[in-house]
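For reference, the structure is listed below as structure tokens.
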Amino acid sequence: MEVKETRIYRIPAHNSVDPIDLFVTWYGENKSQVVIRCWDKAWTAYWGGHWVEQVERFLLMDDIGYLVTSLSRTRSHHERNWLKNIIKSIQEYLKAQGFEVAA
């Protein structure tokens, strides 16, 4: 698969969540891979068919549980809660950058 674009977001610490690096690799045709890194932990997911062109808008979905499940490598309650807070920080940041929730 050819990479069409890679976008990197440096998200500052906010609401008791450490700084986050968000890496978005866009393959075109609503296909993307996302890597979230917070200190020495990282989570990744590939979506071969999100319903909007920009995965950033896809990440703004209300169903945070789905995103956590897609990104999490563990069933650990502690890690899943931490990831949920990270995703909420990412969502707040993306909204502040002007991304809108997918309809």
Side-chain angles (χ1 to χ4, degrees):
M1 224 179 321
E2 178 185 343
V3 173
K4 303 283 187 190
E5 184 178 4
T6 300
R7 298 182 291 275
I8 301 171
Y9 301 93
R10 308 268 186 222
I11 301 169
H14 181 68
N15 288 341
S16 301
V17 176
D18 292 318
I20 301 163
D21 294 321
L22 173 64
F23 303 91
V24 173
T25 303
W26 179 62
Y27 299 104
E29 300 178 13
N30 300 353
K31 298 175 185 164
S32 298
Q33 180 177 11
V34 171
V35 176
I36 298 170
R37 183 177 62 198
C38 187
W39 287 107
D40 64 341
K41 298 286 185 193
W43 300 268
T44 186
Y46 168 80
W47 288 287
H50 45 82
W51 59 85
V52 292
E53 190 64 28
Q54 294 177 308
V55 76
E56 290 89 345
R57 291 181 61 213
F58 179 75
L59 291 173
L60 292 174
M61 71 166 54
D62 288 334
D63 190 354
I64 291 179
Y66 171 77
L67 295 172
V68 169
T69 299
S70 297
L71 289 156
S72 183
R73 304 176 316 263
T74 181
R75 295 186 184 270
S76 159
H77 183 69
H78 174 73
E79 183 173 339
R80 292 176 67 83
N81 279 340
W82 183 29
L83 184 54
K84 182 185 285 186
N85 289 332
I86 289 170
I87 291 170
K88 286 179 183 177
S89 269
I90 290 170
Q91 288 178 332
E92 288 177 22
Y93 176 83
L94 291 174
K95 286 177 185 173
Q97 298 304 305
F99 289 98
E100 296 179 7
V101 177

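Atoms considered below: every heavy atom in the structure, side chains included; atoms not considered: hydrogens, waters and symmetry mates.
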### Query
Is there a side-chain contact between Glu2 and Lys4 (heavy atoms, below 4.5 Å)?
yes
### Message
Taking atom CG as the centre, does Asp63 end up with more than 12 heavy-atom neighbours from other residues, nucleotides or ligands that are less than 6.0 angstrom away?
### Response
yes
#### Entry: Residue pair Glu56 / Leu94: nearest heavy atoms and the distance that separates them
O-CD1, 3.6 Å
#### Entry: Minimal non-hydrogen separation, Ile11 against Ser89, with atom names
CG2-O, 4.4 Å
### Query
Between Glu92 and Asn15, is a side chain to side chain contact (heavy atoms under 4.5 Å, CB included) present by the stated rule, with each step listed?
CA-CA 10 Å; Glu92 288 177 22; Asn15 288 341; 3.3 Å; yes
#### Entry: Transitive ILVMFWY side-chain link Trp26 to Phe99, under 4.5 Å
no
### Task
Report yes or no: does Arg57 contribute a side-chain atom to a donor-acceptor pair with the main-chain N or O of Glu100 at less than 3.5 Å?
yes
#### Entry: Single hit among Ile86, Val35, Val34 for side chain to side chain contact (heavy atoms under 4.5 Å, CB included) with Trp43
Ile86
### Task
State, yes or no, whether a side-chain contact exists between Gln33 and Val55 at a heavy-atom distance under 4.5 Å.
no
### Task
Measure across Gln91 and Leu60 and return the closest heavy-atom pair with its distance rounded to 0.1 Å.
O-CD2, 3.5 Å
### Summary
Closest heavy-atom pair, Pro19 versus Cys38, reported as atoms and distance to 0.1 Å, is O-SG, 3.6 Å
### Side-chain donor-acceptor contact under 3.5 Å, Thr25 with Arg7
no
### Task
First locate atom OH of Tyr9, then atom CG of Leu22, and finally report the distance between them rounded to the nearest 0.5 Å.
7.0 Å
#### Entry: Residue pair Leu59 / Leu67, side-chain heavy-atom distance below 4.5 Å
yes
#### Entry: Interatomic spacing from CD in Glu79 to NZ in Lys84 - rounded to 0.5 Å
13.5 Å
### Query
Can you tell me how far OG1 of Thr69 sits from CD1 of Ile64, rounded to the nearest 0.5 angstrom?
11.5 Å
### Heavy-atom closest pair, residues Leu83 and Val68
CD2-O, 3.9 Å
### Query
Should Ile87 and Tyr66 be regarded as members of a common hydrophobic cluster, given that ILVMFWY residues are connected when their side-chain heavy atoms come within less than 4.5 Å of each other, either directly or indirectly?
yes
### Query
Are any non-hydrogen side-chain atoms of His14 and Ile20 less than 4.5 angstrom apart?
no
### Task
Following the transitive rule for hydrophobic clusters with a side-chain heavy-atom cut-off under 4.5 Å over Ile, Leu, Val, Met, Phe, Trp and Tyr, establish whether Val52 and Val101 coincide in one cluster.
yes
#### Entry: Straight-line distance of Arg10 CZ to Phe23 CZ, nearest 0.5 Å
5.0 Å
### Task
Determine, step by step, whether Tyr46 and Lys31 satisfy the side chain to side chain contact (heavy atoms under 4.5 Å, CB included) criterion, reporting the C-alpha distance in whole Å, the side-chain angles of both residues, the deciding distance to 0.1 Å, and the verdict.
CA-CA 8 Å; Tyr46 168 80; Lys31 298 175 185 164; 3.7 Å; yes
### From CA spacing to verdict: side chain to side chain contact (heavy atoms under 4.5 Å, CB included), Ile8, Asp21
CA-CA 7 Å; Ile8 301 171; Asp21 294 321; 5.5 Å; no
### Query
In Å, rounded to the nearest 0.5 Å, how long is the span from OG of Ser70 to CH2 of Trp47?
5.5 Å
